[in-house]
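Notes to accompany the following structure.
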Amino acid sequence: MKLNKEIIGNHNADLLSKHEAKLQFTASEVANAEAIIEKLMAFQIAIPSWALGTGGTRFGRFPGGGEPRSLEEKIEDVGLLHKLNQSSGAISLHIPWDIPENYQSIKTLAGEHGLAFDAVNSNTFQDQADQKHSYKFGSLQNVNKAIRKQAVDHNIEVIKHGVGLGSKSLTVWLSDGSCFPGQLNFRKAYQNTLESLQEIYAALPSDWKLFLEYKSYEPNFYSTTVADWGQSLSYVQKLGDKASTLVDLGHHLPNANIEQIVGLLLMEGKLGGFHFNDSKYGDDDLTAGCVKPYQLFLIFNELVEGMDARGMNHAKDLGWMIDASHNVKDPLEDLLQSVEAIMLAYAQALSVDRKALEKAQEENDVTKAQEILQNAYRTDLRALVAEARLRTNGALNPVELFRATGVRNELIKERGAVTVATGL
Ligand code: RM4
Ligand code: MN
Ligand code: MN
């Protein structure tokens with residue numbers, strides 16, 4: 001791949017004077033510009049291995065060409081993203097879509113690209129060809145003990161792969177639930193799920209975490225066994241200290257106040273990780289911040305406030321990941337846009353005048369509180385995000401450079417026009 005330090009350096013040199021003028025103006029607008037840049041430089045967002053190919057819907061899939069054909073090529077793609085933005089330093093694998101054959105060589109390859117392995121994800125929402133029992137009626141909740149055991153064993157297998165690669169967390173997302181009233185005894189489904197999760201939890205290495213992700217509906221349409229943050233919290237509280245809730249932005253019913261959910265989970269010490277994306281209707285898997293950027297900022301505002309209140313390290317103490325896989329854009333361009341939107345929302349949240357906000361809240365000065373938040377959101381901080389990239393040898397404009405160097409065409413030449421990556 002022709003993207004190298006020199007190409008990035010030339011691209012940056014071309015854009016430098018304009019960037020510096022913008023940076024100078026931005027620094028005059030925000031009190032803590034330098035501190036924000038440093039926080040941004042440390043912040044990394046993991047890329048899911050299933051987002052590197054075109055996502056499909058149940059109606060169709062339109063592969064874009066040059067999609068990664070193997071885990072190695074997926075790692076190379078994330079390496080490309082990381083080279084461009086220096087903020088995508090980890091990859092999250094889905095098993096069995098990405099089974100590592102040789103841990104050492106996969107780890108070495110990832111290391112060459114500066115990548116770590118983030119959470120590993122289990123899959124009990126699809127049946128695999130070599131599988132004995134079907135998950136048609138659920139996995140960890142199933143009325144049949146043998147099916148529950150198969151699903152538990154799969155999760156333990158996923159942990160083993162993660163250990164081989166140096167991951168430190170398992171994300172469990174269940175499609176379990178029911179499609180019709182009367183199909184399921186909710187209480188029994190809960191108990192079965194809890195028992196199965198306890199068995200998985202018991203297999204976690206001591207320095208591992210378990211994230212339990214919730215989702216309101218889909219693929220089940222009447223009930224979901226881990227449907228919302230309250231249900232996830234109820235499980236993880238019973239499991240123990242290593243278990244916490246994972247928030248996927250696309251997994252809420254319309255108008256849910258996600259920022260409040262995040263604030264309360266943090267307060268309970270039970271927020272474990274994040275899946276970023278955006279949506280208009282449901283689990284749409286759109287680019288982070290493309291539909292509701294103000295909501296993304298409000299979520300980060302709670303994250304920064306809540307993490308600071310608990311003395312947490314922003315970069316390390318929660319699992320940050322993108323979970324999006326859409327149908328119509330180049331997946332790599334889409335991921336670059338998502339990372340940029342996340343960094344920008346984080347920067348805006350870091351720029352909020354916390355003392356002034358607290359004072360306005362204590363005085364019930366509603367107008368002032370709103371002014372403070374909106375001022376932070378409406379101040380253009382893109383130059384700070386770009387400066388963080390510049391200082392870490394990333395590109396000032398990743399999407400522009402990705403296009404200018406013809407990366408996609410080169411990938412198509414290398415891999416072919418009709419490759420289909422494993423994933424959704
Ligand atoms: C689910 C959920 C999970 C992801 C799968 C592919 O809706 O978001 O996190 O692993 O999709
Ligand atoms: Mn997710
Ligand atoms: Mn999802």
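Hydrogens, waters and symmetry mates play no part in the numbers below; they use all other heavy atoms, side chains included. Indexing begins at 1, ligand by ligand and atom by atom, following the structure's order. All of these numbers come straight from a predicted model, not from anything done at the bench.
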Metal check, the Mn ion (ligand 3) vs His251 N/O/S, cut-off below 2.8 Å: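 A backbone or side-chain N, O or S atom of His251 is under 2.8 Å from the Mn ion (ligand 3).
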
Contact check: Trp97 vs ligand 1, nitrogen or oxygen atoms, below 3.5 angstrom: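 For ligand 1, there is no N or O atom that lies under 3.5 Å from one belonging to Trp97.
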
Heteroatom proximity flag, Lys215 to ligand 1, N/O under 3.5 Å: yes

Greater than 12 external heavy atoms within 6.0 Å of Gln128's CD: yes

Crowding at CG, Asn102 (>12 non-hydrogen neighbours, <6.0 Å):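 Yes, CG of Asn102 has more than 12 neighbouring heavy atoms, counting only those of other groups under 6.0 Å.
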
Shortest protein heavy-atom distance from atom 8 (O) of ligand 1, along with the residue and atom involved: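 Scanning the protein heavy atoms, the shortest distance from atom 8 (O) of ligand 1 goes to Asp323 OD2, 2.8 Å.
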
Residue and atom name of the nearest protein heavy atom (relative to atom 10 (O) of ligand 1), distance in Å to one decimal: His94 NE2, 2.8 Å

Proximity of Phe300 and Phe297 rings by center, below 6.0 Å: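 No, the ring of Phe300 stays outside the 6.0 Å limit from the ring of Phe297, centre to centre.
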
Pair Phe117 and Tyr103, ring centroids less than 6.0 Å apart: no

Heavy atom of His251, distance to ligand 1 below 4.0 Å: yes

Proximal atoms of ligand 1 relative to Asp248 (non-hydrogen, under 4.0 Å): 8 (O)

Heavy-atom donor-acceptor pair, His154 side chain to Asn123 backbone, under 3.5 Å: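 Yes, the answer is positive, given that a donor and an acceptor are paired below the 3.5 Å cut-off.
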
Identity of the N, O or S atom of Asp283 lying closest to the Mn ion (ligand 3):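 The closest N, O or S atom of Asp283 to the Mn ion (ligand 3) is OD2.
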
Side chain, backbone, both or neither: Asp283 near ligand 1, heavy atoms under 4.0 Å: side chain

Proximal heteroatom of Asp323 relative to the Mn ion (ligand 2) (N/O/S):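 Atom name returned: OD2.
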
